[in-house]
Protein chains: 2
Amino acid sequence: MAISKTFALYQQNLNNDPTLPKKQKDILQASLKLFAAKGFHDTSTADIAQAAGVAEGTVYKRFKTKDALLSAVLSPLTSTVLAETVAEFSETTLAKEYTTLHAFISDVVTNRLAFVNDNLATIKILVGEAIYNTSIRNQIVSAMQAVLTNQYAHSVKALQQKNLIVDWPIKLIFQYTISSIGGYLVKQITFPKQVNSPDEEAPQVIHFLEKGLAPE
Amino acid sequence: MAISKTFALYQQNLNNDPTLPKKQKDILQASLKLFAAKGFHDTSTADIAQAAGVAEGTVYKRFKTKDALLSAVLSPLTSTVLAETVAEFSETTLAKEYTTLHAFISDVVTNRLAFVNDNLATIKILVGEAIYNTSIRNQIVSAMQAVLTNQYAHSVKALQQKNLIVDWPIKLIFQYTISSIGGYLVKQITFPKQVNSPDEEAPQVIHFLEKGLAPE
DNA sequence: TATGAGTGAGTGAGTAGTTCCTCACTAAAC
DNA sequence: GTTTAGTGAGGAACTACTCACTCACTCATA
């Protein structure tokens, strides 16, 4: 499960790269669909080949192993998160100083709900694998920790100093925020197509978090 | 995936039933351990037999199929939830009328965190299967809906009439509560053994929910 | 008490099927 | 004509599951 190599894979396999050979794109899309529907272990490479309209050998011409194919499928997600993780050096995203709690929570929730919405299938696969795969789980954890310490913590500390947010450990505030967003993720996976759009859901979640995290 | 038969299986397979043949218990315990560690699909019946110190044939003497073994492993959980689902007829648990928001949230959170803590391995397996198995997912959904309409809704409505809780749709209040508890579950799965006990975690979660769900 | 028929939990070699992956090959592109 | 993209039959290793068999045990009969 060589996700550590996803950076290289990313450049080579990104779904919407127009320079990608058509068959390779077909294989990736078929894999995404099948992995999300049946799970990685329950999807055979024969299934993938058939769904992609390609011979099984072609799958292995393009991807060395089935695991590499999984990594390639997950790469749009991991690369996005990686990009954010490195964003500590960017000035646009880095530790904005918010002047109201509402502005901060709005920003975070709106972004994450949209992210969940846009990457639902990939996230589903990632979660399904993370449950049993320590390596994948650790990569998620360290990505989150990077976001937490590089971006989130700064904004929250600033708000705490202005007494605009509750004075709890930052990890806790992070946990409750992520949990609320996770609730939307679960709803999307469980009731696909009959769930609020992120735009409809966001104001409610924001309202709830704003109350729960308001200074006391 | 005949979880619908778990009621029968339950009487026959409950882990702590002392009348259970020793080998059957061994098989169940080995399965629980392996399913939780590697996942259902990645655990072979040969693995289970070896871990249980039993021949593979014995596994099939005790459990008709591998799916039946999964159902048996999940049965302590499903039976517990079933019991609660039927609790609409019980008077002790039914729709208590709470006099403060704190009492209500305390009750719910304390119970659920303890439940998560006590059934971690089983819940992990259940979640892992639910992601890709519509049937299991639907059973979870209907169990939750039963709890929601039979117990939760009554208490919340009563609190709303006394203006002790926020006036949002009950489904939303339920969602945020479950999400917060889900956060603890994810922490437990991700960092086993280095996470707060339910007793330590509960007051914080209660505090957060109490603020977020306070009337406006 | 000694015998032996009967029972059923336990076994593990075996089966049919599926898995991932390879490789000698062909067709097409440059 | 050489290189590359694509093929699909085939193999080794696995899978869930079966079944003919063993053997420690019980218990009615001699």
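Looking at residues 49-56 of chain A, you'll see V54(A), A55(A) sit with a heavy atom under 4.0 Å from some atom of DNA chain D.
Atom NZ of K33(A) is surrounded by 12 or fewer heavy atoms from other residues, nucleotides or ligands within 6.0 Å.
dA5(D) atom C1' lies 14 Å from atom CG of D26(A), rounded to whole Å. Per the geometry, CZ belonging to F63(A) stands 12 Å off P belonging to dG6(D), to the nearest Å. Straight-line distance from the NE2 atom of H41(B) to the P atom of dT19(C): 12 Å, rounded to whole Å. Rounded to an integer number of Å, the gap from NZ of K38(A) to P of dT18(C) is 12 Å. Put simply, CG on D47(A) is 17 Å from P on dG8(D), counting in whole angstrom units. A straight line from CG of L70(B) to P of dC17(D) spans 12 Å, rounded to a whole angstrom. One interatomic measurement links the two molecules: NZ of K23(B) to C1' of dG12(C), which rounds to 13 Å at whole-angstrom precision.
Y60(B) has a side-chain polar atom (N or O) that falls below the 4.0 Å cut-off from OP1 or OP2 of dC17(D).
Side-chain atoms of Q188(B) and Y184(B) include a donor-acceptor pair closer than 3.5 Å.
Although no hydrogens or angles enter the test, the distance criterion places no donor-acceptor pair under 3.5 Å between the side chain of R62(A) and the main chain of I27(A). Of the possible polar contacts, none joining the K157(A) side chain to the Y152(A) backbone as a donor-acceptor pair under 3.5 Å is found. At least one donor-acceptor pair under 3.5 Å links the side chain of N150(A) to the backbone N or O of A146(A).
A salt bridge is absent between E129(B) and R137(B); no separation between the charged side-chain nitrogens and carboxylate oxygens falls under 4.0 Å.
Aromatic ring pairs are classed by plane angle as parallel below 30°, tilted from 30° to 60° and perpendicular above 60°; the pair Y176(B) and F208(A) is parallel.
The residue among K61(A) and S44(A) whose nearest nucleotide of DNA chain C is located toward the 5' end is S44(A).
As judged by a 4.0 angstrom heavy-atom cut-off over every strand, T58(B) is placed among the base-contacting residues.
Nearest to the side-chain atoms of K66(B) among the listed nucleotides dC17(D), dG10(C), dC21(C) stands dC17(D). Of the candidates dG10(C), dC20(C), dC17(D), the closest approach to any side-chain atom of T45(A) belongs to dC20(C). Listed candidates were dC17(D), dA9(C), dG6(D). Nearest to the side chain of R62(A) is dG6(D).
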